[in-house]
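Scroll down for the structure; my scribbles are underneath it.
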Amino acid sequence: MKKEERLVKKITQKSKDFSKWYVEIIKKAEMADYAPIKGMMVIRPYGFAVWENLQNLLDLRIKETGHSNAYFPLFIPESLLEKEAEHLEGFSPEVAWVTHGGKEELEERLAVRPTSEAIIGNMYSKWIKSYRDLPVLINQWANIVRWERVTRPFLRTTEFLWQEGHTVHETAEEAQKETMMILELYKEFTESELAIPVISGIKTEREKFAGAEATYCIEALMADGKALQMGTSHFLGQHFSKVFNIRFEDRNQKLQYGWQTSWGVSTRLIGAVIMAHGDDSGLKLPPRIAPIQVVIVPISVGDWQKTVLPVATRIKNDLKQAGIRVKLDQREEFTPGWKFANWEMRGVPLRIEIGPRDIKNNQAIAVRRDTGDKTPVALKELKEKVSATLADIQKSLLKAAFKYQQDNTHEVDNYEEFKSVLENQRGLIKTFWCGDSACEDRVKNETMGTIRAVLLDKDKSGKAKGKCVLCGKETDKLVYFARAY
RNA sequence: CGGGGCGUAGCGUAGCCUGGUAGCGCACAGCGUUCGGGACGCUGGGGUCGUGGGUUCGAAUCCCACCGCCCCGACCA
């Protein structure tokens, strides 16, 4: 009871006003703050540390699969951006343009990159001459600007950070294989590091990336029942290689256009982590990406500086040596109770309390952020217990998120039920769709639901055929509908 | 970009209708007592009342324009 009162007092409840909760958590946990420019935010040190952890973990995977990092220019000449018509049309409403250098008006406008296919394609055409130059497997970590009308911290900001892979291959099969490999890599990454389960599949024509042949995606279900696109992997075919003239002489001495892919995830993932795991007490960060995995709060009573603090310090050093990101909060201006609440707000996965009573018993109290469980742990076992508990928290966060996803995935076979689910419960709707964009548009107009992904064959698990939820036509397209961010 | 709502200290707000010294809580600073779930007392600092213009002797308050934010639609990682 007391606990609930406290929470109500401090932050908006997640269930009561999700949007407000989300923004409040971000500000109070010092993840980010609004900048004095519309739609732009400052990622504060705590939030940026999450990004750095996430980035490192993903970067490792990208490199393990044979890719190298590089960096391309922020500005893209208009003439380059114009080359792929569909691409330009898709992005032009949200491109920021540089028109002046100092006082001089530029002869050609420069786009602030909304994505880098164009500038990278331009460079690749210079570098690729032979099949021996392939595959080109390059990734870049960069900032992107898209002039969005509606923005939200992390989920959609005018400028955001991301990673974009751009590869070129000899054959369509190879490029397709790369596209799918990255899709799987993203899926594995979000599940094992962010503890967010995702659905994956292919986008419809309507939803695919401007200029791509096919867009594959991972999508996660958020706590308000809306779906969030977490990452995309595009099979670009030869669209860009044809317009940027990326040609090579193949093994039969014939000139061929390269087969390309591009793929990316962004700082949006941080927003997903906040929404997926957070609760009324604040953030819950998965241990794998938490800037602080363990916080030690000494109980500052009596001559604690002489009795408690040395033990707390020793614990800190032990854990640090074991490779755990640990912080000892020995500030005197705050009471233990305040610190408990504060670190919970910031989502630290595990707290260790140690006071005079514990010292006597040669123990400390370990408190889990995910469950709230308090367990006394013998000091000599602490290192092992902490490591094990962190691993368990990571697992249980994923498990809880997975359960939520399952509980909110509705298999539906008629449109009445479809509408009612989307209206009342939201969540993911798994159903058949004929493939006709007229049916897709009708759903969007009537329910605001969109097709998040068309399931790939391997994920269909037996359900090969069914009837379109709208028109009733026989189809093999099993899809997920949802309202989306 | 349409429809609605809101801008007063870092945050949450009172005051606006009926023009006349900007107030409160939290946070912040200092000192002291505290400290096992958001401590308490005393003292103190902090305000272009979103911005610009107008009306008026006088504007947070009335009028106009603009900007920003939130919600609901259209567009998107």
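Every chain is numbered from 1 and lettered A, B, ... according to where its sequence line falls, protein lines coming before strand lines.
Residue A:T115 places none of its side-chain N or O atoms closer than 4.0 Å to OP1 or OP2 of B:A77. Residue A:T335 places no side-chain N or O under 4.0 Å from the OP1 or OP2 atom of B:G38. The side chain of A:K28 places no N or O atom within less than 4.0 Å of a non-bridging phosphate oxygen (OP1 or OP2) of B:G38.
Listed by residue number, the members of residues 291-308 of chain A with any heavy atom below 4.0 angstrom from RNA chain B are A:I299, A:S300.
With A:Y485 as the aromatic partner, A:K226 meets the cation-pi criteria of under 6.0 angstrom to the ring centre and within 45 degrees of the ring axis. In this structure, A:R146 forms no cation-pi arrangement with A:F91, as its terminal cationic atom is not both closer than 6.0 Å to the ring centre and no more than 45° off the ring axis. Under a cutoff of 6.0 Å and an axis angle of 45°, A:R109 and A:W97 form a cation-pi pair.
With both ends at atom P, the span from B:C63 to B:G20 equals 15 Å, rounded to whole Å. Comparing the C1' positions of B:G4 and B:G38 gives an interatomic distance of 37 Å, to the nearest angstrom. For B:C11 and B:C72, the C1' atoms lie 26 Å apart once the distance is rounded to whole Å. For the C1' atoms, the distance linking B:G10 with B:C1 amounts to 33 Å, nearest Å.
Closest approach to the A:S266 side chain among B:C75, B:A77, B:G38 is made by B:A77 (side chain taken as heavy atoms from C-beta onward). Residue A:V150 has its side chain nearest to B:A74 when only B:G37, B:C28, B:A74 are considered. For A:K444, counting side-chain heavy atoms from C-beta on, the closest listed nucleotide (B:G37, B:A77, B:C75) is B:C75.
Ring geometry, A:Y124 versus A:F72: the interplanar angle exceeds 60°, so the pair is classed perpendicular (tilted spans 30 to 60°). In this structure, A:F418 and A:Y415 have tilted ring planes: the angle between them lies in the 30° to 60° band.
Under the salt bridge (Lys or Arg N to Asp or Glu O under 4.0 Å) criterion, A:D441 pairs with A:R206, not counting sequence neighbours.
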